[in-house]
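So the structure is just underneath, and the comments pick up after that.
Keep in mind that this is a model prediction, so the values were computed, not measured.
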Amino acid sequence: MSKTSALCCFIILAAFGFVNGSTNNHEIGFYELKKGDISLNLTNWGASIVSLHLPDKNGKLADVVLGYDSLEEYKTDSSYIGAIVGRVANRIGSAQFTLNGTHYKLVANEGKNMLHGGSRGFSDVVWKVKRHKCDGQAPHIIFTYHSVDGEQGFPGDLVVTVSYTLIGNNQLSVIMKARALNKPTPVNLAQHAYWNLGGHNSGDILSNEVHIFGSHITSVDSHLIPTGKIAPVKGTPYDFLEPHIIGSKIKDLPSGYDINYVLDGVPGHEMKRAAKVHEKKSGRVLELFTNAPGLQFYTGNFLKDVKGKGGYVYQQHGALCLETQAFPDSVNHPNFPSTIVSPGKTYRHYMLFKFSTNPSSH
């Protein structure tokens, strides 16, 4: 590492970022959190995770998330690598919805549909760094962003905060909150890290063993827009109710996994297990807990020739995403849990990652 890394924060030579169609004077930088064997680097461009170094079963460290070396690469990224996505994550069919009798037309950025908040969602703006403590018992950083009324077509001003905290023994807490200031609005934030527990430059994730604690999915059409049907996974390629190797099932799907699981448990009322991933060669294990009702399981189907950290080129299935969330297109499906946040109410989304190793892996 360079000498500046010891300061836990290195500011990129960029004093201005693009927000709401104009520049602002928030500096854009990289920030480090470190506790024991785990070190996490982030940037306030998109409130993004840049790197996460973890030990394997032999104590060897590796960076287990995809990312880039420079700010310019993050600004031109089209895969949402490591970012917070919103105001509404995932897809909204026909980029429109009706709320309290008012029809809202949004910015379409995936054909006629909206994906991850539009052409300039929360992944493509500069967040303010409210607080940063790089070490100690609970190293943390808090990012904030004020999304204005009409941004990407959404109603009302929204104040968003995202905190990343290293806690306990190799655990990462991610807390997303949002307050609607003056109009009801849909809110669905997601953390879009791309995980490869073998190391970001170790190849594909098809040999990873995955366990998903969701017995149903929200069925989708050919454009990945939910049909409104909630279907059981048992006996289908989507069945990870028992741990399975990704590659043993992915051949039965056109291009890979990109589907929302309905997590078992009481939505919004308790932290529940969402998923577990085991990479046998390194022995690394990731367990994810959340209070969200859904989990988008995505196997990097659209990654192709993406030049990442250290010049390594990411290809299809080079990582997996575990995006806890509300159900996609909830604004257009009354049978899905509501994503509407009214003034005076606070949206809260919790994620807890627990990292460990399995010494018996081979």
Side-chain angles (χ1 to χ4, degrees), residues 80 85-100 103-106 108-118 185-190 192 210-244 246 248-270 272-275 288 290-302 320-341 347 349:
Y80 309 95
V85 293
R87 177 178 304 196
V88 174
N90 217 303
R91 294 169 175 86
I92 296 179
S94 300
Q96 59 185 328
F97 67 96
T98 299
L99 177 60
N100 297 334
H103 184 75
Y104 294 96
K105 184 62 180 172
L106 309 173
N109 64 321
E110 189 184 57
K112 66 177 184 178
N113 305 311
M114 172 181 267
L115 174 64
H116 292 327
T185 184
V187 180
N188 182 22
L189 306 179
H192 210 296
V210 172
H211 189 180
I212 297 177
F213 299 88
S215 52
H216 293 77
I217 56 169
T218 49
S219 299
V220 294
D221 63 19
S222 60
H223 299 287
L224 301 178
I225 302 298
T227 62
K229 180 182 178 183
I230 295 176
V233 300
K234 192 169 179 61
T236 75
Y238 298 104
D239 186 351
F240 287 92
L241 290 169
E242 297 293 333
H244 287 288
I246 294 173
S248 69
K249 292 171 170 285
I250 203 168
K251 62 183 181 297
D252 297 323
L253 300 171
S255 59
Y257 291 94
D258 194 1
I259 196 72
N260 174 66
Y261 283 79
V262 179
L263 295 174
D264 299 331
V266 181
H269 293 287
E270 58 183 25
K272 53 188 173 289
R273 296 182 83 180
L288 174 58
T290 187
N291 69 329
L295 169 76
Q296 189 81 11
F297 178 46
Y298 173 57
T299 49
N301 310 330
F302 301 113
L320 60 85
C321 298
L322 301 167
E323 306 159 60
T324 58
Q325 60 178 5
F327 298 172
D329 200 28
S330 290
V331 288
N332 292 310
H333 296 282
N335 58 316
F336 289 179
S338 175
T339 56
I340 304 303
V341 177
Y347 164 95
H349 178 185

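When every heavy atom of M114 is checked against every heavy atom of A95, the shortest pair comes out as N-CB, 3.9 Å. What you find for V85 and Y80 is that their closest heavy atoms are CG1-CD2, 3.8 Å. Heavy atoms only, all atoms of each residue included: F336 and T218 are closest at CZ-CG2, 3.9 Å. Considering every non-hydrogen atom in both P328 and Q296, the closest pair reads CG-OE1, 4.1 Å. Pairing each heavy atom of H211 with each of L241, the nearest pair is NE2-O, 2.8 Å. Between S255 and N301 the shortest heavy-atom distance is O-OD1, 3.3 Å.
To the nearest 0.5 angstrom, H192 atom NE2 is 11.0 Å from L322 atom CG. Here the OG atom belonging to S219 is positioned 8.5 Å from the CD1 atom belonging to I230, to the nearest 0.5 angstrom. Atom-to-atom distance recorded for E110:CD and I92:CD1 is 12.0 Å, nearest 0.5 angstrom. The CG atom of N291 sits 6.0 Å away from atom NZ of K272, with the distance rounded to the nearest 0.5 Å. With rounding to the nearest 0.5 Å, the separation of CG in L224 from CD1 in I259 is 7.5 Å. Remark: T290 OG1 to E270 CD distance equals 11.5 Å, nearest 0.5 Å.
In this structure, the side chains of I225 and R91 come closer than 4.5 Å at one or more pairs of heavy atoms. Within the 4.5 Å cutoff, no side-chain heavy atoms of F327 are placed close to those of N188. A heavy-atom distance below 4.5 Å is not found between the side chains of V187 and H349. Contact check for L288 versus R273: no side-chain heavy atoms found under the 4.5 Å cut-off. Counting only heavy atoms from C-beta outward, the side chains of F97 and D329 never approach each other to under 4.5 Å. Contact check for L295 versus E323: no side-chain heavy atoms found under the 4.5 Å cut-off.
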> Step by step, would you call D239 with K249 a side-chain contact (heavy atoms from CB on, under 4.5 Å)?
Replying inline: CA-CA 9 Å; D239 186 351; K249 292 171 170 285; 4.2 Å; yes
>> Working note: K112 + H223, criterion side-chain contact (heavy atoms from CB on, under 4.5 Å); need CA distance, chi angles, decisive distance, verdict.
In response: CA-CA 10 Å; K112 66 177 184 178; H223 299 287; 5.6 Å; no
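Counting non-hydrogen atoms of other residues, nucleotides and ligands closer than 6.0 Å to NZ of K234 gives a total of 12 or fewer. Annotation for K105: atom NZ counts as buried by contact number, over 12 foreign heavy atoms lying within 6.0 Å.
When atom types are taken as modelled, the side chain of T236 and the backbone of Y238 share a donor-acceptor pair closer than 3.5 angstrom. No donor-acceptor pair closer than 3.5 Å links the side chain of H216 to the backbone N or O of A231.
Between F240 and Y261, the ring planes lie perpendicular to each other; the angle is over 60°, past the 30° to 60° tilted range.
Only one option out of L99, T185, V88, T339 pairs with V331 in a side chain to side chain contact (heavy atoms under 4.5 Å, CB included); it is T339. F297 pairs with exactly one of D258, N260, I246 by the side chain to side chain contact (heavy atoms under 4.5 Å, CB included) rule, that one being I246.
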